[in-house]
Colleague: 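Please see the structure below; I have some questions.
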Amino acid sequence: MGETQGGHTGTARGVTGRRALLIGGAAAAVGTAALARDELARLWWRLPGVEKPRVAGAVDFRGAQWVSASSANYRRADRPDDYGIDRVVIHVTQGSFRSAVKVFQDPAHGAAAHYIVRKDGHITQMIRELDVAFHAGNREYNERSVGIEHEGFVEEASSFTDAMYAASARLTAGICRRYKIPVDRKHVIGHVEVPGTDHTDPGRYWDWDRYMALVRRAHRTQA
């Protein structure tokens, strides 16, 4: 009897274990299928015959100069349809404008921003806003933001000129207006504020109060 009870109990445990395994497996399969559908929706442009038409050299900000980054430093996408855009991330190049362009064109660099603002206010666009630039050091923030580099060094206050602030503010205001991003410090952030990164830019000399006032003013005038 003891053997029978032991065998029955063991069988019951086995049935329960198998049921739990099957239910868990089904849930995992459903979850995997959902993830696969989500990923497929974001990779629609890879399918034959459905790549979104693009105009060579087109820019998203009037007056910007197009210089293409290496395709290894960004991921093609269809933002904001596949990834909503709700952030602008402010960077500092830690080098010259020319050196920033050069590294963003280097496929081995592994990173690039959408825009670079030079000290004289000139704006270069290197990645379309609809694409995901590898600029923030955080995948989620890359997918949801537009990155703007500024020529200079975080420890040199002279890097941040009147012309740079004015041009960058117009650029950020245009991005905020395009994607209905609130013009505040929760949505216009520094690289240092991106979770999980060890960057310090734009640094202590970046005048956030001045910059946000300029962005708000430009945002109103663009209405």
Colleague: Given the side-chain rings of His91 and His135, with only the six-membered ring counted for Trp, is the space between their centroids under 6.0 Å?
Modeller: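 Ring centres of His135 and His91 closer than 6.0 Å.
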
Colleague: Could you verify whether a donor N or O on one side chain and an acceptor N or O on the other, from Tyr179 and Arg87, lie under 3.5 Å apart?
Modeller: no

Colleague: Mind listing the closest non-hydrogen atom pair of Ile116 and Ala100 along with its distance?
Modeller: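 Between these two residues, the closest heavy atoms are CD1-CB, 3.8 Å.
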
Colleague: Side chains of Thr124 and Tyr115 only: does a donor on one sit below 3.5 Å from an acceptor on the other?
Modeller: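 On atom types as modelled, these side chains do not qualify, holding no pair under 3.5 Å.
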
Colleague: Kindly compute the distance separating CE (Met212) from CG (Asp207), expressed to the nearest 0.5 Å.
Modeller: 12.0 Å

Colleague: Which of these, Tyr205, Trp206, Phe160, sits in a ring-ring contact (aromatic ring centres under 6.0 Å, His included) with Tyr211?
Modeller: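 Answer to the ring-ring contact (aromatic ring centres under 6.0 Å, His included) test with Tyr211 among Tyr205, Trp206, Phe160: Trp206.
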
Colleague: So do the side chains of Ile175 and Ile148 get within less than 4.5 Å of each other, counting heavy atoms only?
Modeller: yes

Colleague: Is there side-chain contact between Val188 and Cys176, with at least one heavy-atom pair below 4.5 Å?
Modeller: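 Val188 reaches Cys176 side chain to side chain.
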
Colleague: Tell me whether Trp208 shares a hydrophobic cluster with Val194, the cluster being built from Ile, Leu, Val, Met, Phe, Trp, Tyr side chains joined at under 4.5 Å.
Modeller: no

Colleague: Taking all non-hydrogen atoms of both residues into account, name the closest pair between Gly121 and Ala167 and its distance.
Modeller: O-CB, 3.2 Å

Colleague: Is Arg79 paired with Asp131 through a side-chain N to carboxylate O contact shorter than 4.0 Å?
Modeller: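 Salt bridge flag = no for Arg79 with Asp131.
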
Colleague: Please step through side chain to side chain contact (heavy atoms under 4.5 Å, CB included) for the pair Glu149 and Val117, ending with a clear verdict.
Modeller: CA-CA 6 Å; Glu149 287 279 1; Val117 183; over 6 Å; no

Colleague: Roughly how far, to the nearest 0.5 Å, is CD1 of Ile181 from NZ of Lys186?
Modeller: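 Separation between the atoms: 13.0 Å.
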
Colleague: Regarding His150 and Thr93, is there a side-chain donor-to-acceptor distance under 3.5 Å anywhere?
Modeller: no

Colleague: If you take all heavy atoms of Ser159 and Gly152, which pair is closest and at what distance?
Modeller: OG-CA, 3.5 Å

Colleague: Can Val67 and Val101 be said to form a side chain to side chain contact (heavy atoms under 4.5 Å, CB included), step by step?
Modeller: CA-CA 8 Å; Val67 178; Val101 171; 4.1 Å; yes

Colleague: Not counting sequence neighbours, which residues clear side-chain hydrogen bond (donor to acceptor under 3.5 Å, both in side chains) with Arg210? List them please.
Modeller: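 Asp162.
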
Colleague: Count I, L, V, M, F, W, Y as connected when their side-chain heavy atoms are under 4.5 Å apart, and connections chain through other members. Are Phe104 and Val89 then in the same cluster?
Modeller: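 No: no chain of side-chain contacts under 4.5 Å links Phe104 to Val89.
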
Colleague: Is the distance between the ring centroids of Phe61 and Trp66 under 6.0 Å?
Modeller: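 No, they do not, as the ring centres are separated by 6.0 Å or more.
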
Colleague: For the backbone of Phe134 and the side chain of Asn142, can you confirm whether one donor and one acceptor N or O come within less than 3.5 Å of each other?
Modeller: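 No.
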
Colleague: Looking at side-chain heavy atoms only, is the closest gap between Val88 and His187 below 4.5 Å?
Modeller: no

Colleague: Tell me whether Ile127 is reachable from Val92 by hopping between hydrophobic residues (I, L, V, M, F, W, Y) whose side-chain heavy atoms are closer than 4.5 Å.
Modeller: no

Colleague: Can you tell whether the side chains of Asp120 and Arg118 come within less than 4.0 Å, N to carboxylate O?
Modeller: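 So Asp120 pairs with Arg118 through a salt bridge.
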
Colleague: Does Ser145 reach the main-chain N or O of Gly147 with its side chain, forming a donor-acceptor pair under 3.5 Å?
Modeller: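 Not a single qualifying donor-acceptor pair exists.
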
Colleague: We want to know whether Gln94 and Asp201 form a side-chain donor-acceptor pair, criterion being a heavy-atom distance below 3.5 angstrom.
Modeller: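 On atom types as modelled, these side chains do not qualify, holding no pair under 3.5 Å.
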
Colleague: Can you get from Met126 to Val132 by hopping between Ile, Leu, Val, Met, Phe, Trp and Tyr side chains that sit under 4.5 Å apart?
Modeller: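 Met126 does not cluster with Val132.
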
Colleague: How long is the span from the CG atom in Leu130 to the CD1 atom in Ile85, to the nearest 0.5 Å?
Modeller: 8.0 Å

Colleague: Any salt bridge linking Arg178 with Glu129? Criterion: basic side-chain nitrogen under 4.0 Å from a carboxylate oxygen.
Modeller: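 Looking at Arg178 and Glu129, the cut-off is met.
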
Colleague: Arg185 vs Glu193, test: salt bridge (Lys or Arg N to Asp or Glu O under 4.0 Å). Steps then yes/no.
Modeller: CA-CA 10 Å; Arg185 285 285 286 113; Glu193 298 169 87; 3.1 Å; yes

Colleague: Given the rule that I, L, V, M, F, W and Y join up when any side-chain heavy atoms are under 4.5 Å apart, are Tyr165 and Leu171 in one cluster?
Modeller: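 Same hydrophobic cluster.
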
Colleague: Supply the atom-to-atom distance His109 NE2 to Ser70 OG, rounded to the nearest 0.5 angstrom.
Modeller: 10.5 Å

Colleague: Using modelled atom types only, decide if a donor and an acceptor are shared between the side chain of Asn73 and the backbone of Ala69 within a distance under 3.5 Å.
Modeller: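 No, the answer is negative, given that no donor and acceptor are paired below the 3.5 Å cut-off.
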
Colleague: Can you list the steps and then say if His219 with Thr172 is a side chain to side chain contact (heavy atoms under 4.5 Å, CB included)?
Modeller: CA-CA 8 Å; His219 192 267; Thr172 293; over 6 Å; no

Colleague: Could you go step by step and tell me if Arg75 and Glu143 meet the side chain to side chain contact (heavy atoms under 4.5 Å, CB included) rule?
Modeller: CA-CA 9 Å; Arg75 186 169 80 244; Glu143 291 170 347; 2.9 Å; yes

Colleague: Taking atom types as modelled and ignoring hydrogens, do the side chains of His122 and Gln65 form a donor-acceptor contact shorter than 3.5 angstrom?
Modeller: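 Their side chains do contain a donor-acceptor pair, which is all the 3.5 Å distance test asks for.
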
